[in-house]
Amino acid sequence: MRTFQTICGKSVFDENNGEELGKIEDLFINKQGQVIGFVLDIKAWLHKDQFVPLDAITGFGPDGIIIKGKSHLTRADHIHEYTLKQGKKRLAGMPLLTTEGEKLGLVEDVYFMEEMGNIVGYEVTEGLLADIKEGKKVVKTSKPLLYGKDILMINLE
C-alpha cells in the first residue's frame, strides 16, 4: 500500500532501454474507486502529458518507476476519469462527507494498493492548524466514493 505523495515526482523509466520518460504528475481514478493509471509529465519541448496505465508498470521502487515500454503511453487528455491533483474532475481540495452528512475534511491524498489499484483510504485535512494540533486523518474504506458536483461522499459502514 502507498500514497500518491510517495510517487509524485518520481522518474519513470522504460525497462527495455533504461530511458527516463518523464515524471509522475498525477493519477487517474475511475468511479469504482480504483487507480487506473498515472499522468506522466514527459521530457519534451512541445509535449502533451501522457497516460501510463497501471498494468504497464512493472516496478514501484524508491528511486523510480519502471514500465513495460514507451509503446504503452497514450495522451492523457483522452482519459475522462477523475484525477487527484489537476483537471476539472479532481478530488484534492474537495470536501469529504459521510453519507450521514458529517464533514470529515478536504481530500489531500489517496492510499492505494499498487498491484490492483484499489483505493483503501483517503487522507483528509481540516486545515493547517488542525493538522499541526491533531494530525491529518486517514479515512479507510472498501467502498468507492460517491462523486457529487460540490462534494464527495463516503459510506463508512
Side-chain angles (χ1 to χ4, degrees), residues 1-44 47-98 104-126 131 135-148 152-157:
M1 178 174 64
R2 65 181 64 240
T3 65
F4 174 69
Q5 287 301 331
T6 62
I7 62 171
C8 184
K10 292 223 188 265
S11 294
V12 174
F13 299 95
D14 185 327
E15 76 175 2
N16 299 310
N17 59 15
E19 176 186 3
E20 182 180 356
L21 302 172
K23 296 189 183 301
I24 297 291
E25 189 173 75
D26 204 348
L27 56 80
F28 285 106
I29 303 167
N30 66 17
K31 278 198 170 216
Q32 291 72 42
Q34 293 183 305
V35 174
I36 60 166
F38 301 94
V39 176
L40 179 65
D41 183 20
I42 63 169
K43 295 170 37 174
H47 72 280
K48 295 279 187 187
D49 289 337
Q50 297 290 300
F51 170 67
V52 180
L54 187 63
D55 61 4
I57 296 174
T58 60
F60 285 94
D63 301 313
I65 296 168
I66 310 299
I67 67 169
K68 293 178 185 175
K70 201 176 200 173
S71 63
H72 291 272
L73 301 178
T74 58
R75 285 184 39 196
D77 58 357
H78 294 317
I79 310 299
H80 299 289
E81 300 289 346
Y82 293 88
T83 60
L84 182 62
K85 300 281 184 185
Q86 60 190 18
K88 293 178 183 175
K89 295 165 72 175
R90 70 177 172 270
L91 303 184
M94 293 282 291
L96 180 64
L97 279 71
T98 66
L104 301 172
L106 303 176
V107 173
E108 255 195 18
D109 204 352
V110 296
Y111 287 77
F112 66 98
M113 305 299 288
E114 60 264 15
E115 301 85 20
M116 300 298 292
N118 295 339
I119 294 178
V120 295
Y122 298 88
E123 187 174 88
V124 296
T125 180
E126 291 186 60
D131 290 350
K136 293 180 183 174
K137 290 190 271 185
V138 177
V139 180
K140 296 180 181 177
T141 185
S142 60
K143 298 179 182 180
L145 288 179
L146 303 169
Y147 301 94
L152 302 169
M153 289 188 294
I154 190 166
N155 186 342
L156 296 178
E157 294 179 2

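Keep in mind the model is a prediction, meaning the values are calculated, not measured. Numbers here are sequence positions counted from 1.
The ring pair (Phe, Tyr, Trp, His ring centres under 6.0 Å) search around F4 returns none, not counting sequence neighbours. Looking at residues two or more places apart in sequence or on another chain, you find a side-chain contact (heavy atoms from CB on, under 4.5 Å) between T98 and E100, E102, L104, L156.
For residues 22-42, the pairs satisfying ring pair (Phe, Tyr, Trp, His ring centres under 6.0 Å) are F28-F51, with sequence neighbours left out.
Rounding to the nearest 0.5 Å places CG of D41 at 11.0 Å from CG of D26. Rounding to the nearest 0.5 Å places NZ of K88 at 12.0 Å from OG1 of T83. Here CD1 of I154 is found 4.0 Å from OG1 of T141. Values are rounded to the nearest 0.5 Å. Expressed to the nearest 0.5 Å, how far CD of E15 lies from CD1 of I57 amounts to 11.5 Å. The distance from the CZ atom of R2 to the CE atom of M113 is 10.5 Å, given to the nearest 0.5 Å.
The main-chain N or O of Q5 is found under 3.5 Å from a side-chain atom of D109 such that the two form a donor-acceptor pair. K10 places no side-chain N or O within donor-acceptor distance of the main-chain N or O of I24, the cut-off being under 3.5 Å. A donor-acceptor pair under 3.5 Å is formed between the side chain of N16 and the backbone N or O of K68.
Looking only at side-chain heavy atoms (C-beta outward), V52 and L73 come within less than 4.5 Å of each other. Residues T125 and L106 form a side-chain contact, since some pair of their non-hydrogen atoms from C-beta on lies under 4.5 Å apart. Side-chain atoms of V35 and I119, non-hydrogen and from C-beta on, do get closer than 4.5 Å to each other. Taking the side chain as every heavy atom from C-beta outward, I79 and V39 never approach each other to under 4.5 Å. Side-chain contact between I7 and L27 is absent, with no heavy-atom pair separated by less than 4.5 Å.
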